[in-house]
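The block underneath contains the structure these notes are about, expressed in structure tokens.
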Amino acid sequence: MRFKFLKSFPFVQNKLAKLFSTTKQSKFHFQTNHRPPRPNQVLKRHLKSNSTTKALLLFRDLLRKGISSIDSFSLLFVIKACTQKSLPIEGKQMHALIINLGFETNVFLQTSLIDLYSALGNIGDAHHVFEEIPTKNVVCWTALISGYVDNQKPNKALQVFRQMQMGNVEPDQVTLTVALSACVDLGALEMGEWIHTYVSRRKELSKDLSLDNALINMYAKCGDIETARRLFDSTKKKDVTTWTSMIVGHALHGQAEEALRLFAAMKEENKRARAKKRSFDSWSGSLIVPNDVTFIGVLMACSHAGMLEEGKKHFQSMIEDYGVKPRLSHFGCMVDLLCRGGLLQEAYDLIMDMPVQPNAVLWRTLLGACGTRGNIDLAADARVRILELEGSRVGDNVIMSNIYAAKGMWDEKIGVREKMKQRRAPGCSSIEVGSLINEFVTADDDHPSKREIYEVLECLIETMKARGYSPLEMASSS
DNA sequence: ATAGGGTTAG
């Protein structure tokens, strides 16, 4: 009775209609929703939402249930998690697992290991992984080249780039983009030009925006600003990086007016795009919003040209109009700007009021300006600050091992070393080791048992040593 | 289903 009465209301009808429409597909919904979600999909989701901790703990639980629930996809997602968060010990464990589970020849996993090791600054192990790939494709070559670039070895990067071509593997747009950044680091204009020629020869490469940007950037940084500008002008599609590269390029060449003119032109272009958006609503993806890097270029230009007021105006606009939070480098530009304008006290106040920790370079900028303008008081202060900062510099390795020390694993580490001396010679088979490694230790685990830590690390060290990889670098200093 | 990319003060 009551139900019949309710049914006469429109919103109830609506609801019923919706219910009815979903029951049509209920068979499908039932199958997907009522089964536990696939573990790999959950790992992937955690990875995308940046919840590394959850991903690692889920992986540990999967591993405890038995290695049958682990496949190459699970391993891949967890390696990416380790890469994102720069976790050397978890990363090593993943590598040992890959070896012990027999995934050593999976080129996808090997490539992400190259990426992992280079993100950890361990380019030696990255290259070692690369050497072990039986059929090297363009992606793993590129990963290695990229690793050398990221680890400040551009010469080696280009050497690998040449080796790749001698091995008859054709570079693609990603390889060339990475190789160009190596050219920038070396100021290697000729190699850059060679790549440009190569790109022009292969038509399918010339429609990659990142590659165009990399070419513009290369010419600008290697001193050929005219060619950079010509490329910039002839590029049909420009994104914020295209504009930024050119603005920074002009700023670096002391062409401050041109840099600022471009910045204004970019904003103008934006207005036009916005007007277009009003008439064609679907055309919204092409707005060019200046970002933090763009403003570094703008502020650099102002600083080099001594445009004090203009610089202050842009700095304020950056924060208020574009919601860009100033980073250390922006404050660096501003301090530089104020110092060149002779406003030493104002520069000092800015440093003191910054929401970020100043570095020695920033204080040195002030110190230098105090020197030329003879401000002894501020100079003395700056000097003290520099000493403070450079004296208390702490190595990355220490931070890394402190995570484990804080978890009470510090003593265990010594125990592991001691035990290893007593053990028979390393080189036991993978199977033997493999039976031991169904555990996974992560610093995010609140309750790692001592036994667990002990077994995992001992096994890990032996496995890696047997393969010629570096062991864990835990107690590098104390 | 799965791997590699560009702009950053002095």
Side-chain angles (χ1 to χ4, degrees), chain A residues 38 40-41 43-44 47 71-80 83 103 106-116 118-119 126 129-130 133 136-150 164 171-184 208-218 220-221 228 232 238-249 251-252 288 290-304 311 315 324 326-340 358-369:
Chain A
R38 311 245 11 167
N40 286 347
Q41 299 306 322
L43 282 175
K44 199 176 175 181
L47 196 64
D71 63 9
S72 68
F73 296 89
S74 344
L75 294 167
L76 190 77
F77 296 139
V78 181
I79 294 174
K80 273 208 133 164
T83 307
F103 286 110
N106 183 316
V107 69
F108 290 87
L109 289 176
Q110 300 304 88
T111 306
S112 52
L113 279 177
I114 294 174
D115 199 35
L116 169 74
S118 79
V129 173
F130 174 80
I133 299 176
K136 302 172 176 63
N137 62 23
V138 59
V139 181
C140 61
W141 276 104
T142 308
L144 185 65
I145 296 169
S146 176
Y148 277 112
V149 173
D150 293 340
M164 169 183 168
D172 67 5
Q173 69 277 26
V174 183
T175 321
L176 296 166
T177 305
V178 176
L180 281 170
S181 59
C183 295
V184 170
D208 189 287
L209 187 52
S210 288
L211 184 50
D212 284 343
N213 291 343
L215 279 170
I216 293 168
N217 182 50
M218 183 278 296
K221 295 276 170 60
F232 174 84
K238 297 183 179 69
D239 67 357
V240 63
T241 305
T242 322
W243 287 94
T244 301
S245 300
M246 204 61 234
I247 291 169
V248 171
L252 286 174
I288 294 161
N291 60 23
D292 47 347
V293 188
T294 318
F295 277 103
I296 284 175
V298 171
L299 295 176
M300 251 167 65
C302 296
S303 165
H304 290 173
F315 188 65
V324 173
R327 286 183 293 104
L328 188 61
S329 41
H330 297 100
F331 286 110
C333 293
M334 286 310 287
V335 168
D336 203 41
L337 181 74
L338 293 169
C339 285
R340 283 176 204 238
N359 62 9
V361 178
L362 216 156
W363 282 113
R364 209 170 273 124
T365 306
L366 181 64
L367 181 62

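- Contact annotation: A:H304 reaches the phosphate of B:dG10 (side-chain N/O to OP1 or OP2, under 4.0 Å).
- Remark: A:K136 is not in phosphate contact with B:dG4, judged by side-chain N or O atoms under 4.0 Å from OP1 or OP2.
- Residues that satisfy the side-chain contact (heavy atoms from CB on, under 4.5 Å) test with A:T244, not counting sequence neighbours, are A:V240, A:V248, A:N291, A:V293, A:T294.
- A donor and an acceptor atom, one from each side chain of A:S112 and A:D115, are nowhere located under 3.5 Å apart.
- With sequence neighbours excluded, no residue satisfies side-chain hydrogen bond (donor to acceptor under 3.5 Å, both in side chains) with A:D208.
- A:I296 places its CD1 atom 6 Å from the P atom of B:dA9, with the value rounded to the nearest Å.
- Residue A:D172 places its side chain closer to B:dG4 than to any other of B:dG5, B:dG4, B:dT7.
- For a distance-only test at 3.5 Å, the side chain of A:T111 qualifies as a donor-acceptor partner of the base of B:dA3.
- Of all nucleotides listed (B:dA3, B:dG4, B:dT7), B:dT7 comes nearest to the side chain of A:V293.
- Remark: A:K44 is not in phosphate contact with B:dA1, judged by side-chain N or O atoms under 4.0 Å from OP1 or OP2.
- Residue side chain A:W141 fails the stacking definition with respect to B:dG4, as its ring centre and the base's six-membered ring centre are not both under 5.5 angstrom apart and under 30 degrees in plane angle.
- Atom pair A:Q41:CD and B:dA1:C1' shows a separation of 7 Å (rounding to whole Å applied).
- If you check distances only, the side chain of A:N106 never reaches the base of B:dA3 with a donor-acceptor pair under 3.5 Å.
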